[in-house]
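In what follows, a single structure is set out as structure tokens and then discussed.
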Amino acid sequence: MLSGQLRFPFLDLYSVNARYIDSLHMAASRVIDSGRYIGGEEVEAFNSDLAALCRAPHAVGVSNGLDALRLILEGYKQLGRLHEGDEVIVPANTYIASVLAITHAGLVPVPVDPDISTMNMSAATMKAAISSRTAAIMPVHLYGRVAWNSELAELANEHRLLVVEDAAQAIGAQAMSDGLYGSRMAGALGHAGAFSFYPTKNIGALGDAGAVVTHDTELAEVVNALANYGSDRRYHNIYTGFNCRLDPIQAAMIRAKLPDVTDANNRRAERASVYTSTISHPSVITPCVTPDCVWHQYVIRVKDKRRDEMAEYLHRNGVGTDIHYATPPHMQPCYSNLGHGPLPVTELLASQILSLPVSDCTSTDDAAEIARIINRFK
């Protein structure tokens, strides 16, 4: 059965975008009629809107989430706050983009196991990995749950570590404790944060898009330049930069959706609540519920080595699922030589996790029926 024929598809982007369709058409027409197809007022307005949402002074729209992370790290190298070979502590259970950004910048990733209940990097796992070569940490707000608390902030301050957030999955999420600059919004908790607006995100573009958010004026200026061939003005290149600009058409698509971010996250929370209250199968561990989670994914754990069996059963019963992520970065062929200690929690999670439908193409009634289907699993 193809995913398009499933009664409960994991994700249907056409259905997700249907509620925004008029605004998207208007936004596209606005860009077409402007005659400005690189940079310009649409991108500037997007930067302003995102900075306001995150309660930070600076946002820089860029080409995608990976480039956002990469530009932050390269920017701090240009500013002399990071150097070739410096170590960056990163959770081992993350999408590979988190680690790619570190190695692309000539830095050394130090993967650490997460806390098994939150599936996020904790202050305890971070503290154990700090060495004399550690220069930065990269909290990843996995599945939309904020990886932040006062202990983590204190450790970063104590060891003078840069905090670079991978907030790709956490647009609109609020931490339960203050960030380094006072804001509690994901992406503005540390020194700089990276967002992805890949179409599957809670707020997605209609193509690739990303952004850097920061309280650091110098970094914002460097990122702006690096993303535009390293130029601070036309034909004046102060860095050996990249072409990582945000297209105005994507800036407009995101701006059409951005006012809905709180309601979009609340709708996901409603479906998550149905799953949590209804799933009762003894082999299933539902994710912990915290007020800082915006439920980019609703990820259950299936015990007793039955995850794949459960996924096949759900598919036979018309339910689409996914696995985020079946193979951690340290087990990917491209990182076969990545030095790391034992990572048993990450590897256990990779064998157990299963993502259930939670987007706007799934109703709360759908979620209740999916939960009942799970409970009937033999």
Side-chain angles (χ1 to χ4, degrees), residues 31 34-83 88 97 100-102 104-107 136 138 162-168 171 179-181 183 185-198 203 205 207-255 258:
V31 175
S34 75
R36 185 67 185 268
Y37 309 129
I38 297 291
E41 292 182 2
E42 201 70 52
V43 174
E44 291 168 5
F46 164 79
N47 291 344
S48 179
D49 291 349
L50 183 61
L53 173 68
C54 294
R55 299 170 199 165
H58 307 288
V60 182
V62 298
S63 43
N64 55 65
L66 169 58
D67 284 341
L69 284 171
R70 192 165 58 118
L71 287 163
I72 292 169
L73 298 175
E74 291 285 356
Y76 276 128
K77 285 179 70 179
Q78 293 292 341
L79 291 169
R81 297 193 61 186
L82 288 174
H83 304 88
V88 181
L100 287 172
I102 296 169
H104 284 178
L107 305 170
M138 186 181 286
L162 287 171
V163 179
V164 178
E165 296 171 74
D166 183 339
I171 185 74
L180 301 182
Y181 295 88
S183 176
M185 299 301 295
L189 297 167
H191 296 96
F195 286 100
S196 168
F197 296 97
Y198 189 75
I203 296 294
D208 257 328
V212 171
V213 170
T214 184
H215 297 268
D216 186 333
T217 301
E218 282 189 304
L219 179 69
E221 291 172 351
V222 174
V223 166
N224 250 317
L226 283 172
N228 189 31
Y229 297 95
S231 62
D232 59 345
R233 60 183 187 273
R234 194 176 188 210
Y235 301 138
H236 188 258
N237 303 79
I238 54 177
Y239 308 113
T240 53
F242 313 96
N243 179 6
C244 297
R245 298 172 299 205
L246 175 63
D247 288 333
I249 193 73
Q250 298 304 340
M253 297 298 101
I254 301 164
R255 289 186 66 217
L258 210 53

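In this structure, OG in S48 is found 12.5 Å from CD in E41, a value given to the nearest 0.5 Å. Atom CD1 of residue I171 and atom OG of residue S196 lie 10.0 Å apart, to the nearest 0.5 angstrom. Residue Q78 holds its CD atom at 12.0 Å from CD of E218, rounded to the nearest 0.5 Å. The line from OH of Y229 to OH of Y235 is 11.0 Å long, rounded to the nearest 0.5 Å. A distance of 4.0 Å separates CG in D232 from CD1 in I238, rounded to the nearest 0.5 Å. In this structure, CD1 on I38 lies 11.5 Å from CD1 on I249, to the nearest 0.5 angstrom.
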Could you pull out every donor-acceptor pair under 3.5 Å between side chains of residues 208-215 and any protein atom, sequence neighbours left out?
from: T214; atom 1: OG1; to: H191; atom 2: O; distance (Å): 2.7
from: T214; atom 1: OG1; to: D216; atom 2: N; distance (Å): 2.9
from: H215; atom 1: NE2; to: A188; atom 2: O; distance (Å): 3.0

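Between L79 and Y76, some side-chain heavy-atom pair lies under the 4.5 Å cut-off. At least one side-chain heavy atom of C244 sits under 4.5 Å from a side-chain heavy atom of L71. Looking only at side-chain heavy atoms (C-beta outward), V60 and V62 come within less than 4.5 Å of each other. L162 places a side-chain heavy atom less than 4.5 Å from the side chain of R81. D67 places none of its side-chain heavy atoms less than 4.5 Å from the side chain of F242. A heavy-atom distance below 4.5 Å is not found between the side chains of L189 and V163.
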- Message: side-chain contact (heavy atoms from CB on, under 4.5 Å) for L50 and F197? Distances and angles first, verdict last.
- Response: CA-CA 12 Å; L50 183 61; F197 296 97; 4.3 Å; yes
- Message: Determine whether L69 and M138 satisfy the following criterion, side-chain contact (heavy atoms from CB on, under 4.5 Å), listing intermediate values before the conclusion.
- Response: CA-CA 10 Å; L69 284 171; M138 186 181 286; 4.0 Å; yes
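No donor-acceptor pair closer than 3.5 Å links the side chain of Q250 to the backbone N or O of A205.
In this structure, A167 and F195 approach most closely via the heavy-atom pair O-CD2, 3.3 Å. Nearest approach of A194 to G65, heavy atoms of both residues: CB-O, 4.3 Å. Nearest heavy atoms, A186 versus C54: O-SG, 4.0 Å. Looking at every heavy atom in both residues, S231 comes nearest to N237 through CB-ND2, 3.8 Å. Between V31 and S34, the shortest heavy-atom contact is O-OG, 2.6 Å. Here the closest heavy-atom approach between residue A105 and residue L73 is recorded as CB-CB, 3.8 Å.
Stacking of R55 on the aromatic ring of Y181 is not recorded, the 6.0 Å distance cut-off and the 45° axial limit not both being met.
Classification of R255 and E42 as a salt-bridged pair holds, one side-chain N sitting under 4.0 Å from a carboxylate O.
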